[in-house]
Structure formats: structure tokens, C-alpha cells
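Below is one structure, written out as C-alpha cells; the observations come after it.
The analysis underlying the following values was restricted to heavy atoms, covering all of them including side chains, and did not include hydrogens, waters or symmetry mates. One-based numbering, in listed order, for ligands and for the atoms of each. As the structure is a computational prediction, the values presented were derived from the model and not from experiment.
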Amino acid sequence: MPFTRTLLISAASFCVGHNITRKIFQAAIADKVDLYNLPFATTALSSIQTIYDKLDDSAIPAALINATIVDLHSHIVPPWYHAIVPLSGQVPTPNWTLAEHLSFMANNSIGHSVLSISTPGSVVFPGDEAKSAALARLLNEYMAAIVYKLPKYFSFFAVTPLPYTHKQPFGTGLLSNHEGYYLGNHTFTPLFSHLNISANNKVFIHPTDPCIHDPQNSSQLLSANPSPYPSGLIEYYFETARTLADLTVTQTILNFTNLQWIVPHGGGAFPAVEDRFITSQPPAVQAGSRAAYASRCFWDVAGPVFPHQVLGLLGYGVPTKRLVYGSDFPYAPSFTYAAEIAAVRNSSLLSAEEKIGLFAGNSVI
Ligand SMILES: *[C@@H]1O[C@H](CO)[C@@H](O)[C@H](O)[C@H]1NC(C)=O
Ligand SMILES: *[C@@H]1O[C@H](CO)[C@@H](O)[C@H](O)[C@H]1NC(C)=O
Ligand SMILES: *[C@@H]1O[C@H](CO)[C@@H](O)[C@H](O)[C@H]1NC(C)=O
Ligand SMILES: *[C@@H]1O[C@H](CO)[C@@H](O)[C@H](O)[C@H]1NC(C)=O
Ligand SMILES: *[C@@H]1O[C@H](CO)[C@@H](O)[C@H](O)[C@H]1NC(C)=O
Ligand SMILES: *[C@@H]1O[C@H](CO)[C@@H](O)[C@H](O)[C@H]1NC(C)=O
Ligand SMILES: *[C@@H]1O[C@H](CO)[C@@H](O)[C@H](O)[C@H]1NC(C)=O
Ligand SMILES: *[C@@H]1O[C@H](CO)[C@@H](O)[C@H](O)[C@H]1NC(C)=O
Ligand SMILES: *[C@@H]1O[C@H](CO)[C@@H](O)[C@H](O)[C@H]1NC(C)=O
């Protein structure tokens, strides 16, 4: 089963100048999460302590001061996470530092980044709840530390959700499937019920590698990418379409009217399959779901989504005010970032005002 239990960010994280390491550890224990289930916990905690001790506004490049673009799709890769995830989507995981992230923002006029964890996120140890919970906790503490020190420039989507009583994350990041369960599966219903009534009602979806449960042994996961191409190249677009279709058919999008979904990569392959699968649904589900795509989903343009792919999405009547900027930094090839921004700026599909809205995060932020 996917792990959906409470992964609180510790209140203690915010007592700067103290031994953060000990407080984060103790708060995790109070929530029945033992960080030392992970052999690199000491290294990770020390990297978090360093953020609290050292990070301040002096890290901000001058060119960033007046930047206005809001980036809803960008990732951090702490070194201890990189060490356990050498590959993402079957290609080498990019190196990342906060300084490079800030430099990237400054170079592209991005004034605020909502941080998240790309695939595989906390699903590095399938079947091991203790390690998965500890990893999610450390990743959340790391992002919370950055946001605490530089709140003007960063917020974050938490890895695996539930009540964040202190440092409020901007929303919750979920993968297209967690250990083979797509997001419409009833195993996620308690989670969505919780988020639906919380202030933290934003759900950011991120694609991951497709996998299935071995028919001979259901606790064994098998890769479901049958092609020789890295999954980041093709499968991720299908994954986004699959999980959106699953959320639709199970009526998750329809029932949880208070959730706001941030859908990556302009919906991936979803616009290409939307009519084909949705016409098998009862008329009320069709109409309600299509209305939800236009009113409760934001579609990020990490891609390249402009100038071509976006036509499919807009063809279904998704309003341009539902498009938001996403970079996918540092996971996209470096030459694509400025090109995608230029393609949006150059697009004849949007008015000048609509472009400003897209780059400002529209009404989601
Ligand atoms: C913080 O607490 C941890 C655990 O008690 C301890 O190992 C570490 O040495 C302490 N660090 C500092 C800087 O006091
Ligand atoms: C930022 O904008 C303010 C007000 O327009 C201006 O005075 C300042 O020089 C700008 N700073 C940078 C680094 O561009
Ligand atoms: C990350 O950095 C290491 C050490 O410098 C280097 O060997 C590796 O190729 C880099 N990985 C990527 C994906 O750039
Ligand atoms: C930002 O631009 C500077 C100057 O062109 C360049 O040296 C730096 O590598 C760029 N940063 C990133 C993250 O691409
Ligand atoms: C949930 O996922 C399991 C395993 O893939 C599957 O057998 C089951 O049919 C799914 N249930 C729903 C309601 O999606
Ligand atoms: C099923 O797979 C799990 C996870 O890989 C493994 O621990 C277990 O031994 C397997 N069971 C059988 C009967 O092969
Ligand atoms: C949504 O509500 C319908 C009944 O209106 C129900 O059949 C379905 O199971 C619900 N789906 C979820 C995910 O709660
Ligand atoms: C989600 O919240 C809305 C607003 O409070 C409510 O109308 C709706 O019934 C809730 N959905 C579910 C499935 O609980
Ligand atoms: C801008 O868009 C026009 C078509 O509207 C196209 O011909 C031109 O190549 C585009 N330029 C850039 C730099 O993307």
C-alpha cells in the first residue's frame, strides 16, 4: 500500500539558533518516524542545520530582486537524495545546488519558485514504510528550511501529505502512481478527504515511471515501460494522462470539489486521449469532469508545451487563465528553459494580459 500517514514537519524546525538536528529528530520520533532508519540521516540533518545556520538574503543574486515570474514546477535535489537516486526516469539525476537554482531564477526573471521533489520522491524503498516515511520527512524538512529562510523566493509542495500544523506547505506533491497505484485508487480517498477540507487543498501531480504488481508476487513491482526510450522522454506524458483518466473515471476530480489540481506538462498526453476515454463515462461525469478541468485544474507549461502541444488543451476549452508557468528545473535540458519562456512570450494564442497572468501563477498563488 502507498504510505499516506502523517508526516508532520516539526514545529521545532523554526527555533533558529538552536540545535535543529536534535529538535527535528525528536519531533519525528514523536510522530513515530525514526529518521535513523536511513543510514544517511546524520548527513541529511546536518545539511538542514546548515541551511538554518547559514542561508540568508545574501545568497540572493541582485538580478533576482525585481524578477516577477512564478515557477510552479521546479525541483530540489539534495546531495544525499542524489546519492540514493542516481537515475530518474532512466537518465542520470541532475546535480543541483541552491546557488544554481537562484542563478537559474535570476537568469530567467523567476522571482518565486514552488519547490517539489521529482520522481521517485519518497518512493525509493518500495514496501518499506519506515524508510519511506523517514525520507519524506527529511525532504520536507529540507524544503521547509529553505522556505523558512527565504520565504519571498520559495514555497514548496510537501512530499506525501497530511496535517502540516506549523510551516504550511503551499500544497501537496503526489506522483502519477505510488507503487503502482494510480491517484484515483480508493487507497487515496482518505487522503483526498482530508485535503478537501483543509486549507492545504492544492495537489501537484508529477509523473513517475510506470510499474505494475508482479502477477506471481503482488509485493514485487515490475517496470511497465516496454520501450527502449528513457521514460522521461515519452512515458511521463502517458503517466500524466493515465492518472488524470483514473481521477476522472473514479470520480475523484468530480467529488472533491474543494481540491485544486496542478497538472504538469500541460496535461502530457491527456488532451490526445480525453475524448476517447471520457465518452465511455455517464453524461453527468463527462460534463462535470470537463468543467473541473477548466475550473479546478491548473496546467503548467513545463514542456515544451508552447507553441504546439498547448493547442490540444486549449482546443478543449481550458481557459488560458488556467495556464501557469513551470520550468522543471533542473531536470529539463538546460537550453530549453529560456526557449520555453520565449515561446510563451511569442505566442499569438494569448493576449499580453493573459501572458502576465500565466507568468504570475494566475489565481493559484
Ligand atoms: C545536536 O544534537 C545532536 C543529537 O543530540 C548531537 O549529535 C549534535 O552534536 C548536536 N550538535 C550541536 C552543534 O550541538
Ligand atoms: C528594482 O526595482 C526598483 C524599483 O523600480 C529599482 O529602484 C531597483 O533599482 C531595481 N533593482 C534591481 C536590482 O533591478
Ligand atoms: C554530477 O556531478 C558529478 C561530479 O561532478 C559528475 O560526475 C556527474 O556527471 C554529474 N551528473 C550530471 C547528470 O550532470
Ligand atoms: C546564469 O547566467 C550566467 C551568466 O550568463 C551563467 O554564468 C550561469 O551559469 C547561469 N546560471 C545557470 C543556472 O544557468
Ligand atoms: C486499486 O489498485 C489495485 C492494484 O492495482 C487494483 O487491483 C484495484 O482495482 C484498484 N482499485 C481502484 C478502485 O482503482
Ligand atoms: C515477493 O517479492 C518480495 C519483494 O521483492 C520478496 O521479498 C518476496 O520474497 C517475494 N515472495 C516470493 C514468494 O517470491
Ligand atoms: C464519487 O461519488 C460517487 C457517487 O456519487 C461514487 O460512486 C464514487 O465512488 C465516488 N468516488 C470517490 C473517489 O469518492
Ligand atoms: C469537498 O468539499 C466540498 C466543499 O466543502 C464539499 O461540498 C464536497 O462534498 C467535499 N467532497 C467530498 C468527497 O467530501
Ligand atoms: C514567433 O511566432 C511566430 C508565429 O506566430 C513564428 O513564425 C516565429 O518563428 C516565432 N519566433 C520565435 C522566436 O519563437
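Where the criterion is an N or O separation shorter than 3.5 Å, residue side chain and backbone included, N258 fails it with respect to ligand 8.
Protein heavy atoms all stay at least 4.0 Å away from atom 7 (O) of ligand 9. There is a protein heavy atom less than 4.0 angstrom from atom 14 (O) of ligand 8.
Counting heavy atoms from C-beta on, the side chains of H206 and F157 never come closer than 4.5 Å. Looking at heavy atoms from C-beta onward, L221 lies in side-chain contact with H213 at the 4.5 angstrom threshold.
With respect to atom 12 (C) of ligand 7, the closest heavy atom belonging to the protein is N255 ND2, 3.3 Å. Considering only non-hydrogen protein atoms, atom 9 (O) of ligand 7 sits nearest to H186 CE1, 4.2 Å. Here the protein heavy atom with the shortest distance to atom 5 (O) of ligand 7 is Q251 OE1, 4.1 Å. Among all protein heavy atoms, the one lying closest to atom 3 (C) of ligand 8 is T257 OG1, 3.2 Å.
Heavy-atom neighbours of K355 NZ from other residues, nucleotides or ligands within 6.0 Å: above the threshold of 12.
Between R242 and E235, at least one side-chain N (NZ, or NE/NH1/NH2) sits under 4.0 Å from a carboxylate O, which counts as a salt bridge. Between D275 and R290 there is a salt bridge, since at least one side-chain N of the basic residue sits less than 4.0 Å from a carboxylate O of the acidic one.
For ligand 8, the atoms closer than 4.0 angstrom to any heavy atom of N196 are 1 (C), 2 (O), 3 (C), 8 (C), 10 (C), 11 (N), 12 (C), 14 (O). Heavy-atom proximity to T250, at under 4.0 Å, picks out these atoms of ligand 7: 10 (C), 11 (N), 12 (C), 13 (C).
Counting only non-hydrogen atoms, the option in L349, N346, V344 that gets closest to atom 10 (C) of ligand 9 is N346.
Judged purely by atom type and a 3.5 angstrom limit, D34 has no side-chain atom pairing as donor or acceptor with the backbone of A134.
Screening Y316, F277, W261 for a ring-ring contact (aromatic ring centres under 6.0 Å, His included) with F270, the sole residue that qualifies is F277.
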